[in-house]
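All remarks here apply to the structure that follows.
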Number of protein chains: 2
Amino acid sequence: MSEPNAITAEPWSVLAPDCPSRVIFGRIGERWTMFVILALSRAGTLRFTELRARVGEVTPKVLTETLRALEGDGLVERRAFADSPPRVEYSLTPLGESLLEPIGALRDWAERHVPEVLASRERALG
Amino acid sequence: MSEPNAITAEPWSVLAPDCPSRVIFGRIGERWTMFVILALSRAGTLRFTELRARVGEVTPKVLTETLRALEGDGLVERRAFADSPPRVEYSLTPLGESLLEPIGALRDWAERHVPEVLASRERALG
DNA sequence: AACGGAAGTTCCCTCGGGGGAACCGCACCT
DNA sequence: AGGTGCGGTTCCCCCGAGGGAACTTCCGTT
């Protein structure tokens with residue numbers, strides 16, 4: 001897993017719970033993670049309710065969980081102000097922003113090739 | 001980055017069930033998908049039981065489901081021979097192989113930055 | 001005639017991610 | 001003294017991915 005090149009490590013290493021790929025794919029595979037990251041990447045900084053509005057039908061509980069997880073991973077920063085009404089601002093950390101590049105690569109692939117994937121799915125079902 | 005490169009589409013578009021990012025992240029986020037792709041990328045071609053052995057503790061049922069899903073997406077090819085004992089070979093399609101590049105980018109990011117993520121997690125719990 | 005291996009299939013169960021709905025503390029406003 | 005907006009929390013439930021374990025079919029081997 002510590003080999004220099006991309007897909008060269010032994011696949012079974014990925015079974016370890018702290019395998020880098022498991023950690024990252026596990027996180028970004030969660031239901032709302034991508035929405036939050038993409039929303040923050042566009043807006044820069046958002047408050048809780050702004051995030052709710054942008055992300056869609058997420059419930060406050062789940063949004064809180066998602067944000068706490070990303071904060072725990074050091075990908076999102078949470079700044080609370082002692083104002084009234086309370087104000088909390090979320091933004092990507094530098095680490096979080098550095099993740100945008102590889103995510104973008106996957107996104108680009110998706111944009112280009114998902115039509116093929118969807119066509120293949122339909123063929124498989126038809 | 002809201003810069004004109006990677007992450008430019010509206011985030012809420014991602015809510016649509018056929019949004020490219022949802023399709024792809026949904027698939028590679030599944031439990032065994034990455035193991036199968038990585039194993040095939042290393043070996044080129046593998047039979048069912050070889051795959052079982054490499055991927056680890058996966059049960060035959062779940063491995064079958066995973067392979068059928070990837071086959072349905074056009075990412076994996078399944079070739080069955082009328083031999084006896086039966087022989088079935090799995091390999092990546094060209095489409096599946098083209099996915100290795102963006103996955104590799106994410107993998108590289110993971111290799112480089114997961115120590116930070118894990119350190120952050122430990123801080124968050126301690 | 002029994003055995004074994006390949007490639008699954010079938011049935012049943014468990015576990016937890018995710019969702020719904022309601023509640024909470026605070027400080028203003030009026 | 002009641003209402004409002006913010007940023008959550010609490011409790012409860014449901015569904016489906018994933019797992020366990022046994023069974024199956026087809027043939028060749030011993």
Side-chain angles (χ1 to χ4, degrees), chain A residues 12 14-15 17 22-37 39-40 43 45-73 76-91 121 124, chain B residues 12 14-15 17 22-37 39-40 43 45-73 76-91 121 124:
Chain A
W12 46 86
V14 141
L15 291 167
R22 274 198 85 58
V23 171
I24 297 310
F25 286 118
R27 179 64 72 216
I28 72 179
E30 280 166 23
R31 183 79 179 82
W32 298 104
T33 301
M34 286 300 299
F35 304 142
V36 169
I37 290 178
L40 289 178
T45 293
L46 288 173
R47 304 177 58 173
F48 190 83
T49 35
E50 292 171 332
L51 224 23
R52 277 190 74 177
R54 295 205 175 218
V55 160
E57 290 311 304
V58 64
T59 61
K61 188 194 92 176
V62 176
L63 182 55
T64 300
E65 286 170 356
T66 304
L67 287 167
R68 294 278 189 274
L70 288 172
E71 193 194 355
D73 286 359
V76 161
E77 191 194 350
R78 177 184 190 276
R79 266 166 303 154
F81 301 86
D83 303 16
S84 175
R87 190 157 58 94
V88 181
E89 290 184 351
Y90 294 94
S91 55
R121 282 189 189 178
Chain B
W12 44 87
V14 141
L15 291 166
R22 275 199 84 56
V23 171
I24 298 311
F25 286 117
R27 180 63 73 218
I28 71 179
E30 279 166 22
R31 183 79 178 81
W32 298 103
T33 301
M34 285 301 299
F35 304 141
V36 169
I37 290 179
L40 289 178
T45 294
L46 288 172
R47 304 177 59 173
F48 189 82
T49 36
E50 291 172 335
L51 225 22
R52 277 188 76 178
R54 296 205 175 216
V55 159
E57 288 313 303
V58 64
T59 62
K61 188 194 91 176
V62 175
L63 182 56
T64 299
E65 287 170 356
T66 303
L67 286 167
R68 293 280 188 273
L70 289 171
E71 193 193 356
D73 285 358
V76 161
E77 191 194 348
R78 176 184 191 276
R79 266 167 305 155
F81 301 87
D83 302 19
S84 175
R87 190 159 56 96
V88 181
E89 290 184 350
Y90 294 94
S91 55
R121 281 189 190 178

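Order of the sequence lines sets the chain letters (A, B, ...), proteins ahead of strands, with each chain counted from 1.
- Between B:Leu46 atom CG and C:dA7 atom P the separation is 11 Å, expressed in whole Å.
- One can place CZ of B:Arg27 at 10 Å from P of D:dA17, the figure rounded to the nearest angstrom.
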Pairwise N/O distances under 3.5 Å, protein to nucleotides 25-30 of chain C:
unit_1 : atom_1 : unit_2  : atom_2 : d
C:dA27 : O4'    : A:Ser84 : OG     : 3.0
C:dA27 : O3'    : A:Ser84 : OG     : 3.3

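- For A:Glu65 and C:dG20, the CD to C1' distance is 13 Å, given to the nearest whole Å.
- The two residues A:Ala39 and A:Leu46 have their closest heavy-atom pair at O-CD1, 3.9 Å.
- Across all non-hydrogen atoms, the minimal contact from B:Arg78 to B:Tyr90 is NE-OH, 3.3 Å.
- Atom CD in A:Glu50 sits about 9 Å away from atom P in D:dC6, given to the nearest Å.
- Considering only side-chain atoms of A:Thr59, the nucleotide from C:dG18, D:dG18, C:dG20 that sits closest is C:dG20.
- For the residue pair B:Arg27 and B:Thr33, the shortest heavy atom distance occurs at O-OG1, 3.0 Å.
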Go through the steps for B:Leu67 and B:Leu51 under the test side-chain contact (heavy atoms from CB on, under 4.5 Å), then give the verdict. CA-CA 10 Å; B:Leu67 286 167; B:Leu51 225 22; 4.0 Å; yes
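- Taking both residues in full, the closest heavy atoms of A:Ile28 and A:Met34 are given as O-CG, 3.8 Å, listed atom of the first, atom of the second, then distance.
- Residues A:Val58 and B:Glu89 each lie close to DNA chain C; by heavy-atom proximity, the contact nearer the 5' end of the strand is made by B:Glu89.
- In this structure, the CG atom of A:Leu51 is 14 Å from the P atom of D:dC6, given to the nearest Å.
- To the nearest 0.5 angstrom, A:Glu50 atom CD is 10.0 Å from A:Leu40 atom CG.
- In this structure, CZ of A:Arg31 is placed 14 Å from P of D:dG16, rounded to the nearest angstrom.
- For the pair B:Trp32 and D:dA17, the criterion of a side-chain N or O lying under 4.0 Å from OP1 or OP2 is not met.
- Residues B:Ser91 and B:Thr45 share a closest heavy-atom pair of CB-OG1, 3.8 Å.
- For the pair A:Phe35 CZ and C:dG18 C1', the computed distance is 13 Å after rounding to whole Å.
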Tabulate protein N/O versus nucleotide N/O from nucleotides 8-11 of chain D, keeping only pairs under 3.5 Å, one per line.
unit_1 : atom_1 : unit_2  : atom_2 : d
D:dG8  : OP1    : A:Arg78 : NH2    : 2.3
D:dG8  : OP2    : A:Tyr90 : OH     : 2.7

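- Regarding contacts with the backbone of D:dG7, a side-chain N or O of A:Arg47 is found under 4.0 angstrom from either OP1 or OP2.
- When all heavy atoms of B:Gly72 and A:Ala124 are compared, the closest pair comes out as CA-CB, 4.0 Å.
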side-chain contact (heavy atoms from CB on, under 4.5 Å) between B:Arg52 and B:Leu63: does it pass, once the steps are laid out? CA-CA 7 Å; B:Arg52 277 188 76 178; B:Leu63 182 56; 3.4 Å; yes
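- Here the P atom of nucleotide C:dG20 and the CD atom of A:Glu57 are 8 Å apart, to the nearest Å.
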